[in-house]
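Since the structure comes first, as C-alpha cells, the remarks are kept for the end.
Keep in mind it's a predicted model, so treat the numbers as computed, not measured. Per chain, numbering begins at 1; letters A, B, ... match sequence-line order.
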Amino acid sequence: ELKVEQNPLFLSMQEGKNYTIYCNYSTTSDRLYWYRQDPGKSLESLFVLLSNGAVKQEGRLMASLDTKARLSTLHITAAVHDLSATYFCADEPGYALNFGKGTSLLVTP
Amino acid sequence: DGGITQSPKYLFRKEGQNVTLSCEQNLNHDAMYWYRQDPGQGLRLIYYSQIVNDFQKGDIAEGYSVSREKKESFPLTVTSAQKNPTAFYLCASRGQGVTEAFFGQGTRLTVV
C-alpha cells in the first residue's frame, strides 16, 4: 500500500517560534511536493523537491528531501499568523501525486 | 490568464441523481486529475488522464465516470452509484516533465 504519513496532523504554535513538519513516504520516489491549503480553498504549490538532498527555501519555510530515509521535512522559522493553513506533502508513485492527510497549522499571538 | 477552471463552485445533488463537474484548463497540459477531499482528510485520487481519449482509475473510482475528448477538458460525473458523494472535488493538471500539479478552485458537492 502506498503511504504518505505526516506528523504532526495538528500543530498550534506561537508566533516567533520554530517548528518542523515531517513527511514519511513508502515509495522509492525521488520527488516530493509540498502544498498549502487555506480553509475552503484549493491547493497552492510551495515546493518541488527533485532529488536526494534537495533543499528549497521561500520566506520562513524551508523544505528538504532525504530519499534514502524516505523523509521530507518542512521547517518553519519564526512563525507568523499568515502561515496558518494546512500543509500537504505528496510523493509520486509513477502516475499521479499521492497525498498525506495534511498538517493543520495554527499560529497564535 | 492561464489556469484551471472548475464549475460550478457549489453543487447540490438529490438522492439518485447523476451530476457532472466541469474542469477546463488552458495551460496546454497533457495530464489531468480528479481528487476528492473529505473534511480533515488528504486528497484521494479518483481518475486521471495522461492523454486525450485515455484515462485510468485511481484509488476510489467506484461510482464515478470521466471522459477526455479534448485536451482542455476532463469532466467528472458523480453517478447515483456513489453512495456518499458529499465532498470537495479538486481537478488538477500537469505539464510534461517533472512539474508540480496545478489545481482548480474546487467544487463543493452536497447531497440534499
ask   = Any side-chain heavy-atom pair from A/L97 and B/Y35 closer than 4.5 angstrom?
value = yes
key: Shortest non-hydrogen contact between B/N26 and B/G3, atoms and distance   = OD1-N, 2.6 Å
query = Does A/H81 offer a backbone N or O that forms a donor-acceptor pair with the side chain of A/E15 under 3.5 Å?
reply = yes
ask   = Are any non-hydrogen side-chain atoms of A/D91 and A/Y33 less than 4.5 angstrom apart?
value = no
key: Heavy-atom closest pair, residues A/L83 and A/L105   = O-CD2, 3.5 Å
4.5 Å side-chain heavy-atom contact, B/S22 and B/S7 = yes
query = Top residue by heavy-atom pair count (under 4.5 Å) with chain B, among A/N98, A/L9, A/T86, A/L43?
reply = A/L43
Considering all heavy atoms, the nearest A/P8-A/T103 contact = O-OG1, 2.6 Å
query = Heavy atoms under 4.5 Å from chain A: which residues of residues 102-112 of chain B carry them?
reply = B/F103, B/G104, B/Q105, B/R108
task = Could you tell me whether A/E92 and B/R94 make a salt bridge, using a distance below 4.0 angstrom between a side-chain N and a carboxylate O?
result = yes
key: Heavy-atom proximity to chain A below 4.5 Å, by part of B/Q37   = side chain
inquiry  = On a heavy-atom basis, which atom in A/A63 and which in A/F47 lie closest, and how many Å separate them?
reply    = CB-CD1, 3.6 Å
ask   = Measuring heavy-atom distances to chain B, does A/Y35 have an atom under 4.5 Å in its side chain, in its backbone, in both, or in neither?
value = side chain
ask   = Are A/S51 and A/D30 close enough that some pair of their side-chain heavy atoms sits under 4.5 Å apart?
value = no
request  = With a 4.5 Å heavy-atom cut-off (strictly below), which parts of residues 42-58 of chain B touch chain A? List them by number.
outcome  = B/G42, B/L43, B/L45, B/Y48, B/Q50
inquiry  = Could you tell me if the side chain of A/L74 sits less than 4.5 Å from the side chain of A/C23, heavy atoms only?
reply    = no
ask   = So, A/N24 versus A/E5: side-chain donor-acceptor pair below 3.5 Å or not?
value = no
query = Which residues pass the salt bridge (Lys or Arg N to Asp or Glu O under 4.0 Å) test with A/D38, sequence neighbours left out?
reply = A/R36
query = Under 3.5 Å, is there a donor-acceptor pair between the side chain of A/D66 and the main chain of A/A69?
reply = yes
request  = Tabulate, in ascending numerical order, the residues of residues 64-92 of chain B having at least one heavy atom closer than 4.5 Å to a heavy atom of chain A, or enter 'none'.
outcome  = B/F88, B/L90
